[in-house]
Amino acid sequence: MSLQQLAHPRHDYSYAFLDEFAKRELRRRILKAIAIPGYQVPYASRELPMARGWGTGGLQVTLAAVGPTDTVKVIDQGADDSVNAANLRRFIARMAGVQTTTDVLAATIIQSRHRIPEERLREGQLLVLQVPVPEPLTHVEPSVTRARQMHADADYALIWLELHEQLVRYRTFTGGADYPVVVHGRYLMAPSPIPRWDTPMLHQAAHLTLLSAGREKRLYAVPPYTDVRPIEFEDVHFQVENQAGRVCAQTGAINRFMNEVPQPDGSSRYILSDTGYAAKLVQRAQGEGVEIGATYYDDQGRFYHTGFLHHDD
């Protein structure tokens with residue numbers, strides 16, 4: 001027997017690309033983030049073979065959590081086939097040797113940029129959201145030191161003042177994606193630039209959500225069955241984007257989050273933002289047997305947690 005036979009086969013990289021020290025450090029930071037919902041935990045963001053700002057934070061969390069038996073789904077603004085989603089999916093599959101899917105029900109890990117799937121996630125699934133700017137106080141307090149002190153004191157008066165100024169000037173909240181929320185009644189959190197339509201999906205969700213910003217070296221978490229409430233006044237309530245009257249040109253679906261596609265004649269057509277969900281609706285219409293999960297919003301546009309959105313009443 002030779003020494004070469006006793007040695008492990010040569011590997012040009014660690015499993016899931018990150019070295020074991022990096023994965024252990026990330027896992028410890030993730031556990032801390034889960035223990036303190038909404039709290040931003042710093043970590044040593046590693047270099048990856050892609051530019052900062054293209055999902056390196058979410059990718060590092062996924063690589064630290066993924067195992068050989070996992071099935072991974074990667075989406076970019078709802079699409080499985082965008083360049084960013086396809087590149088990340090191929091990289092994860094190559095580095096970890098895992099199966100990939102476009103069906104959210106078959107996935108154990110869902111990494112997403114700026115969207116949450118329309119079908120409800122279940123217990124045991126992990127949602128990883130890519131975050132460009134993890135600090136929700138950036139627009140009202142540019143000093144990082146002062147912002148951290150405000151979080152420590154739960155002093156969010158400047159956010160309330162900003163909302164009040166929007167109402168005075170425009171008679172409505174002007175914020176779109178990345179609407180600030182309060183997690184577990186304590187920390188103000190930036191929920192990644194998901195549309196307001198997706199923000200309620202984090203409330204009392206059955207799955208674990210991890211949010212990570214590689215460029216800013218921060219991660220935070222929303223554990224399962226945790227309160228996540230958009231900040232709102234008692235007499236002026238948070239509202240999601242109005243999708244009433246919009247019909248998907250491909251599937252005929254209504255009261256789902258749509259992408260608006262301008263037409264040459266100046267009109268618009270609408271298609272489902274969630275391409276995996278749209279593909280299953282098309283398969284069902286063609287008579288194929290496909291499992292479609294329950295959605296967060298019903299066909300009348302009512303959110304599944306009764307009473308959470310006031311305009312559903």
Side-chain angles (χ1 to χ4, degrees), residues 54-55 58-59 62 66 69-94 96 98-130 177 192-195 197-198 200-202 205-207 209 240-241 243-263 268-304:
W54 291 92
L59 180 59
T62 298
V66 72
T69 60
D70 281 308
T71 302
V72 178
K73 173 183 170 72
V74 183
I75 57 177
D76 183 353
Q77 304 221 22
D80 294 272
D81 54 358
S82 72
V83 173
N84 184 242
N87 286 337
L88 290 174
R89 182 168 55 250
R90 282 196 294 263
F91 183 79
I92 295 168
R94 181 179 179 183
V98 295
Q99 298 294 318
T100 62
T101 183
T102 60
D103 183 0
V104 69
L105 300 183
T108 57
I109 299 177
I110 301 98
Q111 180 174 328
S112 174
R113 175 178 179 262
H114 302 178
R115 275 308 316 274
I116 296 177
E118 295 286 345
E119 296 169 273
R120 291 186 220 165
L121 303 184
R122 64 181 185 275
E123 292 182 356
Q125 288 183 301
L126 170 62
L127 174 64
V128 180
L129 290 176
Q130 301 168 202
S192 178
I194 56 175
W197 181 267
D198 292 352
M201 299 177 185
L202 296 172
H207 63 277
T209 303
V240 300
E241 294 88 348
Q243 303 295 313
R246 298 185 175 185
V247 180
C248 177
Q250 295 176 334
T251 65
I254 58 174
N255 284 308
R256 302 289 183 264
F257 192 78
M258 306 281 183
N259 290 334
E260 183 176 359
V261 183
Q263 300 300 297
S268 296
R269 67 194 295 259
Y270 299 95
I271 58 173
L272 281 171
S273 170
D274 187 342
T275 59
Y277 177 62
K280 292 204 287 186
L281 291 180
V282 171
Q283 289 177 316
R284 185 175 66 180
Q286 294 173 347
E288 300 181 27
V290 60
E291 181 184 2
I292 300 179
T295 55
Y296 290 96
Y297 295 87
D298 63 19
D299 288 340
Q300 286 71 46
R302 293 188 296 262
F303 190 59
Y304 80 112

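Owing to the predicted nature of the structure, the values given are computational and were not obtained by experimental measurement.
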Check your understanding: Can you list the residues that meet the side chain to side chain contact (heavy atoms under 4.5 Å, CB included) rule with Ala206, with sequence neighbours excluded?
Key -> Glu123, Tyr225
Point to revise | Residues in side chain to side chain contact (heavy atoms under 4.5 Å, CB included) contact with Thr251, at least two apart in sequence or another chain | key: Cys248, Ala253, Leu272, Ala278, Leu281, Val282
How long is the span from the [atom1] atom in [X] to the [atom2] atom in [Y], to the nearest 0.5 Å?
X      : Y      : atom1 : atom2 : value
Gln283 : Ile292 : CD    : CD1   : 8.5 Å
Thr102 : Tyr277 : OG1   : OH    : 14.5 Å
Leu105 : Thr71  : CG    : OG1   : 12.0 Å
His114 : Leu129 : NE2   : CG    : 9.0 Å
Lys73  : Thr108 : NZ    : OG1   : 12.5 Å

Study note, to complete from the structure: With Asp80 as partner, the option from Ile75, Val104, Thr100, Val74 fulfilling side-chain contact (heavy atoms from CB on, under 4.5 Å) is Ile75
Review point. Should the heavy atoms of other residues, nucleotides or ligands under 6.0 Å from CD of Gln99 be counted, would the total exceed 12?
Key: no
**Study point:** Arg94 CZ: over 12 foreign heavy atoms closer than 6.0 Å
**Key:** no
Point to revise | Worked verdict on Met258 versus Ile271 for side chain to side chain contact (heavy atoms under 4.5 Å, CB included) | key: CA-CA 5 Å; Met258 306 281 183; Ile271 58 173; over 6 Å; no
Practice item. Quick one: which residue pairs count as a salt bridge (charged side-chain N to carboxylate O under 4.0 Å, His left out) with a foot in residues 289-298, not counting sequence neighbours? Key: Asp298-Arg302
Practice item. If a pair satisfies salt bridge (charged side-chain N to carboxylate O under 4.0 Å, His left out) and one of its residues is in residues 244-258, list it, with sequence neighbours excluded. Key: Arg256-Asp299
Identify, with sequence neighbours excluded, every residue that meets side-chain hydrogen bond (donor to acceptor under 3.5 Å, both in side chains) alongside [X].
X      : answer
Arg90  : Asn87
Glu288 : none
Thr101 : none
Thr62  : Gln111

**Study point:** Donor-acceptor side-chain pairing of Thr295 and Glu119 below 3.5 angstrom
**Key:** no
Check salt bridge (Lys or Arg N to Asp or Glu O under 4.0 Å) between [X] and all other residues, then give those that pass, not counting sequence neighbours.
X      : answer
Asp81  : none
Asp103 : Lys280
Arg115 : Glu118, Asp198

Exercise for review: Please state whether the rings of Phe257 and Trp197 are parallel, tilted or perpendicular, taking 30° and 60° as the class boundaries.
Suggested key: tilted
Review point. In chain order, what residues pass the ring-ring contact (aromatic ring centres under 6.0 Å, His included) check against Phe91, with sequence neighbours excluded?
Key: Phe17
Review point. Does the pair Ile109 and Ile92 meet the rule for a side chain to side chain contact (heavy atoms under 4.5 Å, CB included), with working shown?
Key: CA-CA 11 Å; Ile109 299 177; Ile92 295 168; over 6 Å; no
Review point. Hey, are the side chains of Leu126 and Ile110 touching, using non-hydrogen atoms and a 4.5 Å cut-off?
Key: no
Exercise for review: Considering non-hydrogen atoms only, spot the tightest contact between Ala85 and Ala79 and give its length.
Suggested key: CB-O, 3.7 Å
Review point. Ala177 and Pro193: which non-hydrogen atoms are nearest, and at how many Å?
Key: CB-O, 3.6 Å
Check your understanding: Would Tyr270 and Val261 count as a side chain to side chain contact (heavy atoms under 4.5 Å, CB included) if you check the C-alpha gap in whole Å, the side-chain angles of each, and the deciding distance to 0.1 Å?
Key -> CA-CA 6 Å; Tyr270 299 95; Val261 183; over 6 Å; no
Practice item. Show your working on side chain to side chain contact (heavy atoms under 4.5 Å, CB included) between Val240 and Tyr297 and close with a plain yes or no. Key: CA-CA 11 Å; Val240 300; Tyr297 295 87; 3.6 Å; yes
Exercise for review: Using the side chain to side chain donor-acceptor pair (under 3.5 Å) rule, take His207 and Thr209 through it: C-alpha gap first, then chi angles, then the decisive distance, then the call.
Suggested key: CA-CA 6 Å; His207 63 277; Thr209 303; 3.1 Å; yes
Revision key, fill the gap. Per side chain to side chain donor-acceptor pair (under 3.5 Å), Asp76 is matched among Arg113, Gln130, Arg89 by Arg113
